[in-house]
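Data block below; observations after.
Note that the structure is predicted; figures quoted are calculated from it, not measured. Each ligand, and each atom within it, is numbered from 1 in the order the structure gives. One is the number of the first residue; the rest follow in order along the sequence.
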Amino acid sequence: MRLNWVDMNNRQIKILPDVQALHQAAASEFSRCALDAIAARGHFSVALSGGNTPRGAYEVIAERQKDTSSQLPWDRIFIFWGDERHVPPDHPDSNYRMAREALLSRVPIPAQNVHRVRAELDAAEAAQDYERQLQIHFRLKPDELPRFDLIMLGLGDDGHTASLFPGSAALGETQHLFVANWVEKFRQYRLTLTLPVPDHAGEVLFLVSGGSKAPVVKEILTPQAEQKYPAQRVQPKAGSLLWFLDQDAANSQIIG
Ligand code: 6PG
């Protein structure tokens with residue numbers, strides 16, 4: 001059974017025995033990416049994923065900071081989010097709140113290095129504000145794209161990623177970096193990066209756990225699969241695309 005390979009679409013696929021191992025592997029990849037970026041360019045800009053899957057990875061990153069041999073230079077690390085729910089920062093559904101609890105409150109990162117989506121604002125205003133934060137941080141000229149060193153993403157069982165849901169308007173957005181996206185299934189706005197941004201990243205890392213994701217994982221990772229899902233449209237033009245799956249999310253047909 002293959003556990004770690006590059007497929008014909010140049011996707012690096014790693015299958016971990018369980019969700020704990022997935023979190024450990026994701027934490028190691030985060031640190032590797034951070035140290036490489038800081039060595040090469042003096043700083044590391046990362047967009048965190050929301051949802052439940054990455055929480056354990058964030059907790060492992062924080063835990064490892066207790067060991068002086070694996071501490072990261074947090075003053076050189078700049079945190080963003082790939083998407084956010086349209087809720088205040090202290091709301092139970094807030095991706096910011098999850099990352100703050102699991103990681104950011106447990107490491108010595110300067111407050112000004114944490115770029116929160118101001119999701120307490122009107123949705124369009126919050127998106128505009130965040131796009132401005134990206135333009136300032138990355139010193140973007142008009143029409144220039146930010147190049148994140150790492151964008152962490154999850155996968156919904158409907159094939160969405162970030163807050164790019166099937167059939168939603170943001171999927172076709174190419175003029176803005178970050179938008180308010182109406183999600184019919186939730187009857188609410190979500191705030192999300194648009195596809196040109198992960199396509200311009202140095203590395204995109206999908207973290208997927210659980211048997212409920214196995215059918216969509218199989219469809220997406222089967223060679224020459226039909227382009228059906230938003231997650232399939234994330235195709236870094238000059239960057240790496242990694243899929244870390246636990247055993248439950250990996251499907252026997254694609255392991256072979
Ligand atoms: C969010 C995420 C979303 C998530 C997937 C998977 O804001 O919820 O950005 O894209 O990654 O829905 O979520 P789970 O990890 O909870 O399965």
Provide, line by line, the atom pairs where ligand 1 and the protein bring an N/O atom each to a distance under 3.5 Å; else say none.
unit_1: ligand 1; atom_1: 7 (O); unit_2: Asp83; atom_2: OD2; d: 2.9
unit_1: ligand 1; atom_1: 7 (O); unit_2: Arg85; atom_2: NE; d: 3.0
unit_1: ligand 1; atom_1: 7 (O); unit_2: Asn95; atom_2: ND2; d: 2.9
unit_1: ligand 1; atom_1: 8 (O); unit_2: Arg85; atom_2: NH2; d: 2.7
unit_1: ligand 1; atom_1: 9 (O); unit_2: Asp83; atom_2: OD1; d: 2.7
unit_1: ligand 1; atom_1: 9 (O); unit_2: Asp83; atom_2: OD2; d: 2.9
unit_1: ligand 1; atom_1: 10 (O); unit_2: His160; atom_2: NE2; d: 3.4
unit_1: ligand 1; atom_1: 10 (O); unit_2: Ala162; atom_2: N; d: 3.2
unit_1: ligand 1; atom_1: 10 (O); unit_2: Ala162; atom_2: O; d: 2.6
unit_1: ligand 1; atom_1: 12 (O); unit_2: His160; atom_2: NE2; d: 2.7
unit_1: ligand 1; atom_1: 15 (O); unit_2: Asn52; atom_2: N; d: 3.3
unit_1: ligand 1; atom_1: 15 (O); unit_2: Thr53; atom_2: N; d: 2.9
unit_1: ligand 1; atom_1: 15 (O); unit_2: Thr53; atom_2: OG1; d: 2.6
unit_1: ligand 1; atom_1: 16 (O); unit_2: Asn52; atom_2: N; d: 2.8
unit_1: ligand 1; atom_1: 16 (O); unit_2: Asn52; atom_2: ND2; d: 3.1
unit_1: ligand 1; atom_1: 17 (O); unit_2: Lys213; atom_2: NZ; d: 2.7

Decide, yes or no, whether a salt bridge links Asp158 with Lys185 under the criterion of side-chain N to carboxylate O below 4.0 Å. yes
Between Glu63 and Arg106 (salt bridge meaning N to carboxylate O under 4.0 Å), is one present in this structure? yes
Charged N to carboxylate O under 4.0 angstrom, Asp248 versus Lys213? no
Are side-chain heavy atoms of Phe206 and Val234 found at a separation under 4.5 Å? yes
What residues, two or more places apart in sequence or in another chain, satisfy salt bridge (charged side-chain N to carboxylate O under 4.0 Å, His left out) together with Glu173? none
salt_bridge(Glu219, Lys228) N-O dist < 4.0 Å: yes
